[in-house]
Amino acid sequence: MISSNILAGLNPQQLQAVTLPHQSALILAGAGSGKTRVLTTRIVWLIQTGQVSPHGLLAVTFTNKAAREMLTRISAMLPINTRGMWVGTFHGLCNRMLRAHYRDARLPQTFQILDTQDQLALIKRLLKSLNVDEERYPPRDLQYFISGHKEAGRRAAAVEAYDEHSKRLIELYAQYDQQCNREGVVDFAELLLRSFELLTRNEILREHYRRRFSHILVDEFQDTNRLQYLWLKLLAGPDNAIFAVGDDDQSIYAFRGASSQNMFEFEREFAQGRVIKLEQNYRSHGNILDAANALIDHNQRRLGKDLWTDAGEGEPLRAYEAPTDVDEASFIVQEVRSLRGEGTRLSDIAMLYRSNAQSRVLEHALFNAGLAYRVYGGLRFFERQEIKHALAYLRLVASPYDDGAFLRVVNLPARGIGTRSIEQLQDVARQRGVSLWQAACSNPPTGKAGQGVTAFIQLIDGLRQDCFGLSLPEMVELVIDRSGLKRYYESDRDGQDRIENLNELVNAAAGFDAEGGASIAEEDAAAVGLPQEAAPAADPRLALLNSFLAHAALEAGEHQAADGAQALQLMTVHSAKGLEFDAVFVSGLEEGLFPHENSLNQADGVEEERRLMYVALTRARRRLYLSHAQTRMLHGQTRYNIASRFLGEIPERLVRQLSPPRVQGWAGRSGGPAVHTITAFGTPSSSPWRVGQDVLHPKFGPGVIVSVQGRGSDARVMVNFRQAGMKELALEYAKLTAA
DNA sequence: ATTAGTGGTGTTTTT
DNA sequence: CACCACTAAT
């Protein structure tokens, strides 16, 4: 039997996890402990031993990358077609379910998915149409409010109002949902909430899926939010087994509603007594693990777990303090060169940072050094404006009620439709409660603009007609061409890249077509044995287009062209989760940056930042660099930062200092928030205030300067007060005295 | 109707 | 610095 094969080489805990009986269990899997291997091997084992058919299990991950990885590994071990399997992200699977049962879910067949940008645009539009003061109700806050409540499983009606302000927010939430319904669009959180409500409401479907998915497997369980947990619980029912794999120490998505609370709750509700810890690390050398363990030990709320390795202690960690961010970057470049000299491949080296903005300096240095690099993050393929424009045309072809898409391209390229006529259309649409498209069809504006609108409508209608009988890539090409987008960018001097991206979109469509990622919805619906009523003249071609559009929203595509086979990898710590490299540089280890200053006011914010740091450290196999700079350009201003407290939480014996000696080294190494006194190079000599200095404020009392910004009369300092916490003060007015 | 320019503002991480 | 919203000029 092949099964002995796949189990070979597993350690006792891994083996135990893989071959658990049909019961819910929690696998606490530390970084580098073979988490993905255990998960995929269990799937293969379950199938091979005939305990479940590929059809009868559901495996859910958090990222598309992880889902792909899982599918790849499964098909490497098992000669089966993974296409029909329910393996994917929460959002992907919910989308799939909603497509299969769109009527029961009360959605139009061609419902479109809003990404974060689209959602914000819709909210702004809504606020404007309701004459809401954007000062008092910032669109971003409302977006946060809505997503937060949806992710907790609450509709507007279920949200409690505390005051007038929150009452208004709740109203806006309700109106937002109405607007989404009118337009036939759903945001990310809505995918989950709809799916959850569908299963709650519809007993037949619920029972069907419960009977079908006897095994549910969850990856990165620590990243699930409340709603996802409820969804899993609903699907599992009383009889199914949930196999949850996670690491509370790597929970870094609390800002998105994730809560490692779910792990505690899961243990209580499902996995009582069935918790398996995977603590042997197969990735990193001992010193790196010791550093990570020591760091994470500073967190209070943990399930508790200690990684060990038998790989030997390896090299010490290397630390460097640079005068400026530019110097930090050139130090890193120099080290990359020597690593390369030792035979490390560029693609095995990663440069990690807390926020995307930090990549600029590094990129600059790498570019000048002629080193190949690849940046993850920033703008993704499907988020580029030219791509968004093309997709908007396609969306209108698929679903004309999509106001967001309408507004995006109704006057691009220019058709003489200005703000005025658009407002007219919006008025008509609002009064009659219809979409902009409908308003435009029945009540086109008068005059020149009216001609433009009519031309636009004819264009879209014509495109829809002509898409019949075309393949997906042909449709995309037709739309790009006939919409005038191509001409528009051709006449633009810097439009070359955009044209190339548009061509690339045609390729993406061709690839999607070839992989047959579509029309699963029909299969799924058929599999349930609940045939959808025949949609009026539903064109299978348009169904294909529709799934392509969903794909574009759910999987925004690689961050950058995937060429760099031999290139350094630059990315945020968040996007590095799940990856590993021979050598890792963690740069910008400064208070305010990492931990990020915004996290300091948030409950458990610093603990989350520490987990993030833990993730960063545990990416490294054999060499780990930790660096920070005394001054850094940020938002066009020079900031003076002190070393991150996290550096002080790593035992000194594990670290080799590479920085040139200074008057004062790292201080406060033992316990507590480290207070570092540094002599900041380049501090304006006019100012007596220095980072790290103890100060006294008449109202706030004693504190420490955390950063200094600007000079002269604009000079401001960030002070961490013992009582009052973090405050930003203008030096001109604040009555600060040195302590 | 469209464009260029200005001023104010914020700014983490991502499915 | 970069993005936005708004204003002034074409």
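On a predicted model such as this, the values are computed, not experimentally measured, just so you know.
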Minimum-distance nucleotide to [X] side chain [options: [options]]:
X: Phe255(A); options: dT12(B), dT13(B), dT15(B); value: dT13(B)
X: Ser575(A); options: dT14(B), dT15(B), dT12(B); value: dT14(B)
X: Arg140(A); options: dT12(B), dT11(B), dT15(B); value: dT11(B)
X: Ser421(A); options: dT12(B), dA1(B), dT14(B); value: dA1(B)
X: Arg420(A); options: dT13(B), dT15(B), dA1(B); value: dA1(B)

**nucleotides 1-10 of chain C: protein proximity per nucleotide (B base, S sugar-phosphate only, - neither; heavy atom, under 4.0 Å)** = BS--S-----
**Message:** Before we go on, tell me: are the rings of His574(A) and Tyr253(A) under 6.0 Å apart, centre to centre?
**Reply:**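 Under 6.0 Å, so yes.
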**Asked** Any chance the rings of Phe456(A) and Phe406(A) have centres within less than 6.0 Å?
**Response** yes
Write down the distance between [atom1] ([X]) and [atom2] ([N]), rounded to a whole number of angstrom.
X: Leu634(A); N: dG10(B); atom1: CG; atom2: P; result: 16 Å
X: Gln451(A); N: dA1(B); atom1: CD; atom2: C1'; result: 14 Å
X: Tyr144(A); N: dT15(B); atom1: OH; atom2: P; result: 15 Å
X: Phe188(A); N: dT15(B); atom1: CZ; atom2: C1'; result: 6 Å
X: Lys577(A); N: dT15(B); atom1: NZ; atom2: P; result: 11 Å

Remember a base hit wins even if backbone is also touched, and classify [X] as base, sugar-phosphate or nothing at under 4.0 Å, heavy atoms.
X: Phe62(A); result: sugar-phosphate
X: Gln602(A); result: base
X: Asn356(A); result: sugar-phosphate
X: Tyr253(A); result: sugar-phosphate

**Prompt:** Would you find more than 12 non-hydrogen atoms of other residues, nucleotides or ligands less than 6.0 Å from Tyr488(A) atom OH?
**Reply:**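 Incorrect, the count does not exceed 12.
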**Item:** Residue Arg302(A) excluded, over 12 heavy atoms near CZ under 6.0 Å
**Value:**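 Yes, because the 6.0 Å sphere around CZ of Arg302(A) holds more than 12 heavy atoms from other groups.
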**Arg632(A) NZ/CZ over Tyr640(A) ring centroid, <6.0 Å and within 45° of normal** =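 Arg632(A) over Tyr640(A) ring: no.
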**Prompt:** Is the NZ or CZ atom of Arg380(A) both under 6.0 Å from the centre of the six-membered ring of Phe382(A) and within 45° of that ring's axis?
**Reply:**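 The answer is no; the distance or angle limit is not met.
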**Item:** salt bridge (charged side-chain N to carboxylate O under 4.0 Å, His left out): pairs with one or both residues in residues 405-429 of chain A, sequence neighbours excluded
**Value:**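 Only Arg420(A)-Glu423(A), Asp427(A)-Arg430(A) qualify under salt bridge (charged side-chain N to carboxylate O under 4.0 Å, His left out).
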**Request:** Please confirm whether the backbone N or O of Ser355(A) pairs with a side-chain atom of Gln358(A), one donor and one acceptor, at under 3.5 Å?
**Result:** yes
**Message:** Under the criterion ring-ring contact (aromatic ring centres under 6.0 Å, His included), I'd like the reasoning laid out for Phe266(A) against Phe221(A): C-alpha separation, chi angles, the key distance, then a yes or no.
**Reply:** CA-CA 10 Å; Phe266(A) 179 75; Phe221(A) 190 73; 5.0 Å; yes
**Prompt:** Does the aromatic ring of His91(A) sit over the six-membered base ring of dT15(B), closer than 5.5 Å centre to centre and tilted less than 30°?
**Reply:** no
**Prompt:** Is there a donor N/O on one and an acceptor N/O on the other, under 3.5 Å, for the side chain of Glu597(A) and the base of dT11(B)?
**Reply:** no
**Request:** Between Glu609(A) and Leu554(A), name the one whose nearest nucleotide on DNA chain B is closer to the 5' end.
**Result:**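 Its nearest nucleotide lies further toward 5', so the answer is Glu609(A).
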**Asked** Where do His628(A) and Leu589(A) come nearest, in terms of heavy atoms and distance?
**Response** CB-O, 3.1 Å
**Message:** Under 4.0 Å from OP1 or OP2 of dT12(B): is there any side-chain N or O of Thr572(A) that close?
**Reply:**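 No, because none of the side-chain N or O atoms of Thr572(A) sits under 4.0 Å from OP1 or OP2 of dT12(B).
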**Prompt:** Residues from residues 403-419 of chain A sitting under 4.0 Å of DNA chain B, heavy atoms only?
**Reply:** Asn411(A), Ala414(A), Gly416(A), Ile417(A), Gly418(A)
